[in-house]
Amino acid sequence: MELTSEDVRDILRLLDDLPYSELRLETARFRLSLRRAAGGWTQQTEVLADATVAVADVAAAAAGPGPEADGAEMPAVAEVPAVAEVPAVAEDGDSLVEVRAPLLGTFYRAPRPGAPPFVTVGSQVTPDTVVCIIETMKLMNSVIAGARGTVAAILLDNAQFADQGTVLMRIRQPA
Amino acid sequence: MLRRVLIANRGEIAVRVLRSCQRLGIEAVLAASDADLDSVPARLSDAVIRLGPAAPGDSYLSVDAVIGAAVAAGADAIHPGYGFLSENPALARACAAAGIVFIGPSAGQLEAVGDKLTARRHATAAGLPVAEGGEVASPGDAVGLAAAIGFPVLVKAVGGGGGRGLRPVARPDALAGTVELAMAEAAAAFGDSRVYLERYLPSGRHVEVQLLGDGRTVIHLGDRDCSVQRRYQKLIEEAPAPLLGDELREAIRRSAVAFGEHLRYRGAGTVEFLVEPESDAFYFLEMNARIQVEHPVTEAVCGLDLVAEQIWIAEGNPLRIGQSAVTLAGHAIECRINAEDWTDGFRPTPGTVTTAAFPAGPGIRVDTHVQAGTTVPPWYDSLLAKLVVSGRDRAEALTRLRAALARCQIDGVPTTLGMHERVAAAPEFAVGGVDTAFLGRLLQPEPAAGGRRG
């Protein structure tokens, strides 16, 4: 059992009457530091004990990765414009616009597991077309194409982790 | 009497729930994903069961994994916390089938409020005011309905809630496109593409009422104001709601209890309302059938441990106190300290916390799961800590809040601390009773549309 905020309050009540401005308390299981600063007390607590992990492993066999495994979680939906690169020029004179991950997260090609993907190679897109989702910290970020054209390449597999700025797709813009 | 509870959640709420369990002499076993095996709640709990890989769909969102963990742990109950599976009727049902107590309402009650159109119908049946609106089957459908309601309208996902799946539409020409997009996004986010329209009140106040029910009796523990929001996500909450007329406050509380009674609600729950400040009109928004993030402000003014009450009710007991025994005193304010860069469109900022120092002292409570060395994984929500301050009145709470914020220090990841200091210093917030558009006005100029660039 660790210190509760009530315990800390009681310790502070004692300290308030004493001329000390700092208290450090360390046991095998936790470390508490209380410091009297301008305006009041500041606490830093560290739980040092290791977690007791039971051997049983109940990882779900079912449910492949998807932005929404069963519709229970209700992630926020935000619209994040993709970070479009300066168009590169394809051999035939068309330009290729890169759709990049606007923030780090998991790349999803479809709105949910089993659903058809937002786009496939050859899909016609406008700048506002949602081409994929990047999920970061429960925030489902719809990534839009950012350019009019045809999807020329999809560079990541579904459910792959993407760093911020990773090129996800290329859009071919007619010359 | 419960002996061993499986906590099927993570982060600060896992710490919060296990503290109550341990205080009550109940063993707390944490179900943790691979990303959380070394987390603060894992270190604090009596035992940890591996739930599955980091991706929530394989761990915290998997009914099979959670039930499997409870069986493996020999737990006689599951506390689902908030988010994840907390309002999923499938988990409540699977618990019943496995002979495990689900610490929450019945599966039927979860269904009644989880589908937002059904919840609207129940609200109407219970005599609550609901904003004009209705279901739209197609973008074309929406045009006539919106014309009848009048612009602006809000497009809402039937499977949404908690401020998610909402899109305001100001003009008729933008309606069909927005409905189409909202349907696609609702399908993506909630697995349910249905949307509905409601009259949009751009400058309303978000007021909610905390309920406790035992399946027969329903009481309220006062109201909260959660109007300091960004994109419908709450950032600061307080209890009681400031500057609300006695009559209006009483009417809102009565409505919430009527809704709970209509459902014969069992457990802790919150009925949310939108209040139109000019007219004192209020409308039912939704019910959250779980413990809420902002429950500590209610605990601070009513003196109850809401998690302990949830457990008490789940054990099959009648409510411990009646309405007349509920005493509300003082004022409390909560700030959600998130791992987000508020200066860059509130971009989520996973990483590693290197320093976590929090204020301590009278009227200060910090609910957190971070300490020096804690990693903030990209898989889950961004809440790091809740700073809750209370005082005899709002002025004292606000004075304490300003001093307490100055003593918070989190290094390693950008946080919303600076934003909270801005709000706490704002004269409009000091007056009280701000509307949901307040934060946007305060933080102007917002990063231009398309601000999140790498």
Side-chain angles (χ1 to χ4, degrees), chain A residues 1-2 4-5 8-9 12 34 37 39-47 49-54 56-63 65-78 80-81 83 100-106 111-112 115 130 133 136-140 142 159 164-165, chain B residues 19 22 37-38 40 42-44 47-53 55-58 61-65 68-69 72-73 83-85 88 159-162 164-165 184-185 187-192 233 347-348 350 356-361 365 371-372 378 380-382 403 406-407 450 452-454:
Chain A
M1 183 71 205
E2 308 302 324
T4 65
S5 48
V8 171
R9 207 146 49 218
L12 289 178
L34 292 168
W41 289 94
T42 299
Q43 63 162 314
Q44 274 180 277
T45 319
E46 271 178 79
V47 185
D50 290 333
T52 315
V53 181
D57 182 344
V58 292
E68 191 48 32
D70 57 10
E73 178 72 320
M74 297 185 259
V77 178
V80 178
V83 185
R100 289 177 178 256
L103 65 181
L104 96 173
T106 310
R112 61 180 180 281
V130 175
I133 290 173
T136 304
M137 301 181 98
K138 279 174 67 180
L139 201 69
M140 307 295 272
S142 306
Q164 185 171 359
Chain B
R19 293 257 192 233
Q22 289 175 340
L37 291 176
D38 194 34
V40 167
R43 290 163 185 236
L44 290 172
V48 178
I49 297 265
R50 181 179 174 267
L51 198 52
D58 300 336
L61 281 174
S62 163
V63 173
D64 291 346
F84 295 129
L85 294 173
N88 189 321
R164 287 158 289 200
E185 286 191 338
F190 315 115
D192 179 352
Q233 294 303 305
R347 174 176 57 87
F358 295 105
R365 165 178 169 180
Q371 61 184 29
Y380 315 114
D381 74 32
S382 57
R407 276 152 42 222
R452 278 188 206 166
R453 298 198 177 271

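No experiment lies behind these values; they were computed from the predicted model shown. Throughout, protein chains are lettered first and strands after them, A, B, ... in sequence-line order, and every chain is numbered starting at 1. Only this structure's heavy atoms are used, side chains among them; waters, hydrogens and symmetry mates stay out.
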_Given heavy-atom pairs under 4.5 angstrom as the criterion, report whether the side chain, backbone, both or neither of B:Arg365 touches chain A._
neither
*Give the member of B:Ala73, B:Pro350, B:Ala403 that has the highest number of heavy-atom pairs under 4.5 Å with chain A.*
B:Pro350
*Return the option, out of B:Ala356, B:Ala372, B:Ala360, with the maximum number of heavy-atom pairs under 4.5 Å with chain A.*
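That would be B:Ala360.
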Show the nearest heavy-atom pair for residues [X] and [Y], with the distance to one decimal.
{"X": "B:Gly361", "Y": "A:Arg9", "result": "O-CD, 4.2 Å"}
{"X": "B:Gln371", "Y": "A:Val47", "result": "OE1-N, 2.6 Å"}
{"X": "B:Ala42", "Y": "A:Ala51", "result": "O-CB, 3.4 Å"}

